[in-house]
S.K.: 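This is the structure I have questions about; it appears just below.
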Amino acid sequence: MDREIEPLIFEKSNPGSQGYSLPDLDVPAQEIGKLIPKELIRQALDLPELSELDVVRHFTRLSQKNISVDTHFYPLGSCTMKYNPKVNEEVAKIAGFTEVHPLQDEAEIQGMLELLYNFEQYLCAIFGYDAFTLQPAAGAHGELTSLMMIKAYLKDKGQGARGKVIIPDSSHGTNAASVTMVGFETIVVKSNGKGNIDVEAVKKAAGDDTAALMLTNPNTLGLFDEHILEVAEIIHKAGGLLYYDGANANANMGICRPADLGFDVAHFNLHKTFSTPHGGGGPGAGPVGVNKKLEPFLPVPRVVKDGTRYELRVTGYDKSIGRVHSFHGNINVILKAYTYIRGLGAKGLKEVSEKAVENANYMMDKLKPYYYLPYDRTCQHEFVLSAKWQKEKYGVKALDIAKRLLDYGYHPPTIYFPLIVEEALMIEPTESESKQTLDAFCDAMIKIAKECETDPQIVKSAPHYTPVSRLDETKAAREPNLRWLRS
Ligand SMILES: *Cc1c(COP(=O)(O)O)cnc(C)c1O
């Protein structure tokens, strides 16, 4: 384990140091109080005094304490932490993109509009939809947008009384939250012993009060729902719509299109499947695709092509739910995803999905003798193990195993999700890792399983080699203590 060599002084302020040097004034000096109202001028600001080099070293060092895709294997299930090719950043940085103003005249941004138009077409081709909106800034935002459209659609059809949305107990937490935010009611149905949504339970729940069913497929167990066509038929017959949570579409590309399975509307996280770096809250993008039924309800403006010209059209969409984002969405994220899609092409995207599924199955098979595998069937892009054996026999929990992985130099998998698996360890290797890395991670997991037998305390008290030991996870995020001195 490489421990960093760092001066042991935490307080770096050195009175008298400064990080700037300006030339002598060559204009008449002004009295500060004249330019800025006196009451706004603060005296005695207790700021650290540092040279530029001190500041650069401090922040560079802090950045290196982080675990990232660029430094470590990061198998965080449901998050698709794949490698983000640097060429995406290069393209997103081109001045012709970064210096466009959202209020600029359409005639001057034809290139940008063409790109957005084409990007929508690519997404339509990959996922089978008739149209897309690129406005939503995150997966949860895409869910909200979709449910708002479903609501508007039902109202338009005189079905506004339908208020119930069915979701399985394996669903992502944002699903129920989005349902509540648009004023629908969540009806949770159970998954069966194979990890599929229970068809009988769906039949019972579906009726003339059903607005929609929300499903992830492959679901959060990493399993493809084997009865999806039957489920789609039940919901459509009952008069509801099908919503697809495509946050992680890494198993689908070039293989299976959600629109073909019967999903009327879907969101896709560009910051997962399409390689934009994410974590720590953004920025992201969650475009929403719709079939013909829902197209009139898409947010405006729409990017349209009229002959050879592109425009941002607002008029003529009377049924639109309006805007869901200022301007046109997180364009920078869209540019990265666009580059990623163009770089790989149709064949490359299919290979991504094939490889992602292959990697997950390879690891699942290697690890299942050591950790309980609650659903033992071919997985898609991720799989869910349980630390149930370790907990029952040695009192070691999934959290302890996750912390111990940090000592071995890995970002832990997602833990305690999905909620239906006790002591869940949700592993998503993605396509971008080599066999060598997958093997090394599996070896670490196997070593930890053995440590649980021989020295459980070392796992329970992990991590031992990180800059800080075990944190209170909630407090560390909500009340971060960024200084060693409490002020
Ligand atoms: C990540 C994720 C979401 C939410 O996406 P955000 O961009 O974080 O809002 C929704 N559903 C599933 C299945 C996810 O994995």
Side-chain angles (χ1 to χ4, degrees), residues 69 74-82 84 123 127 133-148 165 167-182 186 188 191 195 197 212-225 228 242-253 258 263 265-289 324-325 329-330 332-334 336-337 356 360 379-384 411 413-421 424-430 477:
V69 175
Y74 206 130
L76 192 66
S78 202
C79 291
T80 315
M81 301 301 283
K82 60 171 69 178
N84 306 130
L123 293 180
F127 298 115
T133 173
L134 305 180
Q135 281 186 33
H141 195 187
E143 293 173 24
L144 185 78
T145 305
S146 305
L147 289 165
M148 284 165 71
V165 177
I167 60 176
D169 54 3
S170 62
S171 78
H172 196 265
T174 49
N175 290 182
S178 302
V179 168
T180 307
M181 279 190 74
V182 295
T186 302
V188 179
S191 305
I197 192 168
L213 172 124
M214 296 177 92
L215 202 69
T216 308
N217 193 22
N219 61 22
T220 59
L221 296 164
L223 303 173
F224 190 85
D225 201 297
I228 181 57
L242 265 94
Y243 167 82
Y244 182 78
D245 176 343
N248 325 92
N250 222 31
N252 304 20
M253 293 181 294
F263 290 97
V265 49
H267 93 263
F268 303 93
N269 282 14
L270 301 186
H271 49 292
K272 289 178 182 171
T273 310
F274 297 100
S275 95
T276 288
H278 69 287
V288 169
V324 295
H325 194 283
N330 277 342
N332 183 270
V333 175
I334 292 165
K336 291 175 200 177
C379 69
Q380 300 295 311
H381 60 297
E382 61 192 352
F383 60 101
V384 181
H411 191 286
T414 296
I415 50 174
Y416 300 107
F417 180 74
L419 304 175
I420 53 174
V421 174
L425 291 154
M426 183 194 213
I427 299 175
E428 180 180 7
T430 81

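Hydrogens, waters and symmetry mates play no part in the numbers below; they use all other heavy atoms, side chains included. Each ligand, and each atom within it, is numbered from 1 in the order the structure gives.
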S.K.: Distance alone, cut at 3.5 Å: any donor-acceptor contact between the side chains of His172 and Thr174?
M.R.: yes
S.K.: Taking atom types as modelled, is there a side-chain donor on Glu428 or Ser78 under 3.5 Å from an acceptor on the other?
M.R.: no
S.K.: Under the side-chain contact (heavy atoms from CB on, under 4.5 Å) rule, what do Leu213 and Ile197 come out as? Steps first, then yes or no, please.
M.R.: CA-CA 11 Å; Leu213 172 124; Ile197 192 168; 4.1 Å; yes
S.K.: Under the side chain to side chain contact (heavy atoms under 4.5 Å, CB included) test, which residues partner Ser275, sequence neighbours left out?
M.R.: Lys82, Asn84, Pro85, Asn88, Tyr340
S.K.: Mind telling me whether His271 and His278 have parallel, tilted or perpendicular rings, with 30° and 60° as the class edges?
M.R.: perpendicular
S.K.: What is the ring orientation for His267 with Tyr243, classed by angle as parallel under 30°, tilted 30 to 60°, or perpendicular over 60°?
M.R.: parallel
S.K.: Quick one: table the atom pairs, ligand 1 N or O against protein N or O, below 3.5 Å, distance rounded to 0.1 Å.
M.R.:
residue: ligand 1; atom: 5 (O); partner: Asn269; partner atom: ND2; Å: 3.1
residue: ligand 1; atom: 7 (O); partner: Gly139; partner atom: N; Å: 2.7
residue: ligand 1; atom: 7 (O); partner: Asn269; partner atom: ND2; Å: 3.2
residue: ligand 1; atom: 7 (O); partner: His271; partner atom: NE2; Å: 2.7
residue: ligand 1; atom: 9 (O); partner: Gly139; partner atom: N; Å: 3.3
residue: ligand 1; atom: 9 (O); partner: Ala140; partner atom: N; Å: 2.8
residue: ligand 1; atom: 11 (N); partner: Asp245; partner atom: OD1; Å: 3.2
residue: ligand 1; atom: 11 (N); partner: Asp245; partner atom: OD2; Å: 2.6
residue: ligand 1; atom: 15 (O); partner: Ser78; partner atom: O; Å: 2.9
residue: ligand 1; atom: 15 (O); partner: Ser78; partner atom: OG; Å: 2.7
residue: ligand 1; atom: 15 (O); partner: Asn248; partner atom: OD1; Å: 3.1
residue: ligand 1; atom: 15 (O); partner: Lys272; partner atom: NZ; Å: 2.8

